[in-house]
Amino acid sequence: MAGNFKRLFNFLVLFSFVSVACFVLVLFYSRRSFVVIVSEKHILTLGNKTFSGMVKEQVAKLLERRIKASNKSSEMAPTPSAVSLTLGPCPENPPDLIGPLLVEFDFGRTWEHVRKEVSPLLQKGGRFKPKDCVAKQKVAIIIPFRNRHEHLKHWLYYLHPILKRQLVDYGVYVINQDGEGVFNRAKLMNAGYVEALKEYDYDCFLFSDVDLVPLNDRNLYRCFDNPRHLAIGMDKFNFDLPYKTFFGGVASLYKHQYLKINGFPNTYWGWGGEDDDIYKRIVLRGMQVSRPDLLTGRYRMIKHQRDAHNDPNPKNPDKLFQTHWTMNADGINSLKYTVKNIEKDILYTFITVDIGSPE
Ligand code: UDP
Ligand code: BGC
Ligand code: MN
């Protein structure tokens, strides 16, 4: 009888050790589960060691070995916590877009009010990045400018919230023509392209007049497979294109599209024609113009008189007959200007440039 008890006792001891060994093996192959197991209290007693004490001891040894091994390969593969911290790409269709918007150029709107409403989440210089995802494009928004501060205030009031909802990684660059010389919209936009690239690795450039506000936030301020004309339905043209090849107001080009057309012309002084020249450049380089539909592409323009020193230039329409050959030597490759001042506001980067005068 006593012999039977002894055999049974020996068997139980052996069985316990085999179980512990199997348990430890299982732990070794399942890293995730050990944390839970270690925290549990076990009450089985073997001699003066507890069962849970033995398990902890084994796990600690294994863990030490695994950490040493994983330290060696940590440069190759990210740790699980690093993976969970990596942001995913922003959705193709941003979820917070509203669609048609109410836009009113309220004379009572003050700079203080605009600043208070719009500044949150912006970084100095009118910069913004979505915080929960990585935007696919880095968009420089370039505004040709002189003496239109009232318009700029409304533009910033409406556009910053729209751009934030569109989940764009963007910066706003107001390119201010220095002095009282003849205005040159396209040359200012070229200067904006160069200045923006000095700051950040932008891959998309969106050029906007200061007085144009979209009436639909589904009109995406980003770049497309072809150069994009966004302002197709302005109120002043009865929400329609004034003519088929119109490319005025707001347009976007990827960096490579912009470079393919040698940027914009520098030689269109005064009002008119420079946007038609850009359209011709695009077509001459084998690209098409991309556009939203007419409902999405609606805009309101702040009503204004023609500015001083920006009269229609009668020379400009004739220049359009020569775009096919002038475009090779008149553009980003021939751009000359000097920077007079750079001001960083929370709402925008304001760059004053001397672009000279007609030759
Ligand atoms: N602009 C400016 N100051 C001027 C002239 C023009 O800031 O003295 C800029 C501004 O961004 C404006 C754009 O150039 O929206 C186009 O000029 P304008 O508004 O006169 O053109 P239109 O209304 O005929 O499209
Ligand atoms: C001019 C363009 C202008 C358009 C609409 C054309 O005659 O050449 O520069 O954008 O009219 O005003
Ligand atoms: Mn205008």
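Order of appearance sets the numbers: ligands from 1, and atoms from 1 within every ligand.
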Do any heavy atoms of Met301 fall under 4.0 Å from ligand 1?
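In this structure, Met301 qualifies as a contact of ligand 1 - some heavy atom is under 4.0 Å.
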Does Asn147 have a non-hydrogen atom less than 4.0 Å from ligand 1?
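Asn147 does not count as a contact of ligand 1 under the 4.0 Å cut-off.
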Kindly say whether the aromatic ring centers of Tyr193 and Tyr202 come within a distance under 6.0 Å.
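Distance test on ring centres: not under 6.0 Å, no.
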Carefully, step by step, assess Phe246 and Met234 under the rule side chain to side chain contact (heavy atoms under 4.5 Å, CB included).
CA-CA 11 Å; Phe246 180 55; Met234 295 184 194; 3.7 Å; yes
Going by the rule side-chain hydrogen bond (donor to acceptor under 3.5 Å, both in side chains), which residues pair with Glu195 if we only count those two or more places apart in sequence or in a different chain?
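Testing Glu195 for side-chain hydrogen bond (donor to acceptor under 3.5 Å, both in side chains), a comparison that skips the adjacent residues, returns Lys198, Tyr337.
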Ligand-side contact atoms (ligand 1) for residue partner [X], heavy atom cut-off under 4.0 Å:
| X | result |
| --- | --- |
| Asp211 | 15 (O), 19 (O) |
| Arg306 | 24 (O) |
| Asn310 | 5 (C), 6 (C) |

Anything under 30° is parallel, anything over 60° is perpendicular, the rest tilted; go ahead and classify Phe207 against Phe205.
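It falls in the parallel class, under 30°.
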Mind telling me whether Phe105 and Tyr158 have parallel, tilted or perpendicular rings, with 30° and 60° as the class edges?
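Because their plane-to-plane angle is over 60°, the rings of Tyr158 and Phe105 count as perpendicular.
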Any idea which protein heavy atom is nearest atom 23 (O) of ligand 1, and the distance to it?
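Ranking protein heavy atoms by distance from atom 23 (O) of ligand 1, first comes His304 NE2, 3.1 Å.
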Between CZ on residue Arg298 and CG on residue Leu101, distance to nearest 0.5 Å
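The distance works out to 12.5 Å.
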Under 3.5 Å, is there a donor-acceptor pair between the Glu199 and Tyr173 side chains?
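Yes, because at least one side-chain N or O of Glu199 sits under 3.5 Å from a partner of the opposite role on Tyr173.
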Looking only at the side chains, is there a donor atom on one of Thr326 and Lys319 sitting less than 3.5 Å from an acceptor on the other?
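Looking only at side-chain atoms, Lys319 and Thr326 do not form any donor-acceptor pair under 3.5 Å.
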Pick one: which of Lys129, Arg127, Lys164 meets side chain to side chain contact (heavy atoms under 4.5 Å, CB included) with Tyr170?
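Considering Lys129, Arg127, Lys164, a side chain to side chain contact (heavy atoms under 4.5 Å, CB included) with Tyr170 is found only for Lys164.
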Report whether any nitrogen, oxygen or sulfur of Asp211 sits less than 2.8 Å from the Mn ion (ligand 3) (N, O or S, backbone or side chain).
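It does; at least one qualifying atom falls short of 2.8 Å.
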Hey, does Pro144 come in under 3.5 Å of ligand 1, counting only N/O atoms on both sides?
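Yes, there is a polar N/O contact under 3.5 Å.
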Looking only at distance, does Val210 have an N or O less than 3.5 Å from an N or O of ligand 1?
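For ligand 1, there is an N or O atom that lies under 3.5 Å from one belonging to Val210.
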Neighbouring protein residues of ligand 2 - any heavy atom closer than 4.0 Å:
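Residue list for ligand 2: Phe237, Tyr243, Phe246, Trp271, Gly272, Gly273, Asp275, Asp276.
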Qualifying residue for side chain to side chain donor-acceptor pair (under 3.5 Å) with Thr352, from Asp178, Thr338, Asn176
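Of Asp178, Thr338, Asn176, side chain to side chain donor-acceptor pair (under 3.5 Å) with Thr352 is met by Asn176 alone.
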Among Arg148, Arg185, Arg146, which one has a heavy atom closest to atom 20 (O) of ligand 1?
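Ranked by closest heavy atom to atom 20 (O) of ligand 1, first place is Arg148.
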